[in-house]
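Note sheet for the following structure.
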Amino acid sequence: MLNLIRSNLFRMVHTKSIIVVFAILMGMSLISGSLSADESRQLIKQMEEMQENESNSDTDSKIYSETKEEPGDFGIYVNTPVNSDGTLKDYVYVYCSELSSGLLVLFILIGAVLFFRADEKNGFIKNIAGQTRHKYNILFAKLAVIGIYTFICMFCYMLTGYIAFVTGVTGSGVSFGIKYLPEAIKVFALQYLLYMAFISGLLLVTELTKSTAAGVTIGLLGIMGFGMLFVAIVQKIFNTDFNISKYYISTNILKVNMDAGADVFKFALGTGIVYFILYNVLNVLWFSKRDVV
């Protein structure tokens, strides 16, 4: 098993498409961090002007309402959370908000799906199929490597974004937010579970359809909220207000944040565990029966 993991790690770091996707993701992190830094500088400037002009609290509220981003937006967006008094929050709030934006999981799933199918296209899997007693060990090895890849992407996105952010707001007093680290770790760990559950489902789709494009397309549509069409159809057909979208992995990814309540965390945790187990049980059953060569 360890040999399979090492072989897949070697294949991943030498796959050009994975390197390109990772480089683009880091570029996105730099852009996002720079945009957030620029917004922070504007906020700092406005607060300094308010102090000079002895502005009242109504102006504080105006600045807060104009700069606050609601979670659930997809893609690159400026997200510079501020406190109710107009002061800036630490970087971990910015990062955790971006974890729920859908951007990271989109690029991670693209790399994961490309990696998962690449061994069948280049013949790699034919060389290792006879080296394992159970065929599902090949699946677990690839899933373990994808888990490592996902963690590295999430961590490097944070590091790259932080460098861009603090460089842009030098001297502003904005820090990483060590005191909020325990809460941020909870968000990171839960998002990691949800990411892996989401990717596991897309790997199942990729295996069933034998199409990389199918997995990437369904993942993209899911993150962008096209699943709400299914909700509308179900509600229309059965004449009910039941909203199945709250059980979507993508919906839970968008809801998990630093300011989310305990009920949101518990529900997302349960959802992530159930989907991760379900998808990978199905993956094992399918992979065990299929002909890998």
Side-chain angles (χ1 to χ4, degrees), residues 61 64-65 67-75 77 79-85 87-106 108-109 147 150-151 153-155 157-158 176-202 218-219 221-236 238-282:
S61 299
Y64 175 69
S65 63
T67 57
K68 183 180 178 182
E69 289 284 346
E70 293 296 331
D73 295 331
F74 172 78
Y77 55 83
N79 194 322
T80 310
V82 295
N83 296 304
S84 57
D85 60 357
T87 58
L88 295 172
K89 290 184 178 179
D90 295 324
Y91 175 75
V92 290
Y93 276 85
V94 178
Y95 173 67
C96 289
S97 296
E98 292 184 354
L99 281 178
S100 64
S101 72
L103 176 67
L104 270 79
V105 70
L106 172 60
I108 291 172
L109 72 86
T150 300
F151 180 87
C153 284
M154 294 173 70
F155 181 79
Y157 188 94
M158 174 189 66
F176 180 81
I178 298 298
K179 62 182 178 181
Y180 300 114
L181 200 56
E183 298 173 42
I185 290 175
K186 291 179 183 178
V187 174
F188 184 95
L190 185 51
Q191 289 286 20
Y192 179 79
L193 171 63
L194 293 170
Y195 281 22
M196 288 301 298
F198 191 68
I199 292 170
S200 296
L202 297 177
I218 292 176
L221 294 177
I223 293 172
M224 294 186 69
F226 278 81
M228 294 304 297
L229 293 175
F230 179 72
V231 175
I233 293 173
V234 170
Q235 290 178 338
K236 185 69 175 179
F238 296 99
N239 192 26
T240 179
D241 293 330
F242 178 70
N243 188 2
I244 196 174
S245 67
K246 70 178 182 178
Y247 298 100
Y248 292 169
I249 299 177
S250 56
T251 302
N252 284 274
I253 288 175
L254 298 177
K255 288 183 177 180
V256 173
N257 212 316
M258 289 283 284
D259 296 323
D263 55 335
V264 173
F265 275 79
K266 291 179 181 178
F267 190 85
L269 177 62
T271 301
I273 292 174
V274 169
Y275 276 110
F276 181 79
I277 294 175
L278 175 63
Y279 285 144
N280 285 298
V281 167
L282 294 176

Start with the C-alpha distance between Val187 and Tyr95, add both sets of side-chain angles, then the distance that settles side-chain contact (heavy atoms from CB on, under 4.5 Å), and finish with yes or no.
CA-CA 10 Å; Val187 174; Tyr95 173 67; over 6 Å; no
When rounded to the nearest 0.5 Å, the distance separating OG of Ser250 from NZ of Lys255 is 10.5 Å
Would Leu106 and Met224 count as a side-chain contact (heavy atoms from CB on, under 4.5 Å) here? Give the steps.
CA-CA 10 Å; Leu106 172 60; Met224 294 186 69; over 6 Å; no
Mind listing the closest non-hydrogen atom pair of Leu194 and Gly272 along with its distance?
CD2-CA, 3.8 Å
Would you call Val92 and Glu183 a side-chain contact if the rule is heavy atoms closer than 4.5 Å?
no
Gap separating the CD1 atom of Ile233 from the CD1 atom of Ile244, nearest 0.5 angstrom:
12.0 Å
Between atom OH of Tyr195 and atom CG of Leu99, what is the distance when rounded to the nearest 0.5 Å?
4.5 Å
For the atom pair NZ (Lys266) and OG1 (Thr271), what is the distance rounded to the nearest 0.5 Å?
14.0 Å
How about Phe151 and Phe188: are their ring centroids closer than 6.0 Å?
yes
Which atoms form the tightest heavy-atom contact between Val105 and Gly102, and what is the distance?
CG1-O, 3.3 Å
Inter-residue atom distance Leu109.CG - Ile218.CD1, 0.5 Å rounding:
11.0 Å
I need the minimum non-hydrogen distance between Thr150 and Met196, along with the two atoms involved.
OG1-SD, 3.7 Å
Distance, nearest 0.5 Å, that separates CG of Leu190 from CD1 of Ile185
13.5 Å
Do Glu98 and Leu103 come close enough that some side-chain heavy atom pair is under 4.5 Å?
no
Which pairs with one or both residues in residues 248-275 pass ring-ring contact (aromatic ring centres under 6.0 Å, His included), sequence neighbours excluded?
Tyr247-Phe267, Tyr275-Tyr279
Check whether any side-chain heavy atom of Phe198 lies under 4.5 Å from a side-chain heavy atom of Ile223, and answer yes or no.
yes
Does any N or O in the side chain of Thr251 come within less than 3.5 Å of the main-chain N or O of Ser245, such that one atom is a donor and the other an acceptor?
yes
Testing the basics here: between Asn257 and Ser100, what is the closest heavy-atom pair and its distance to 0.1 Å?
ND2-OG, 3.5 Å
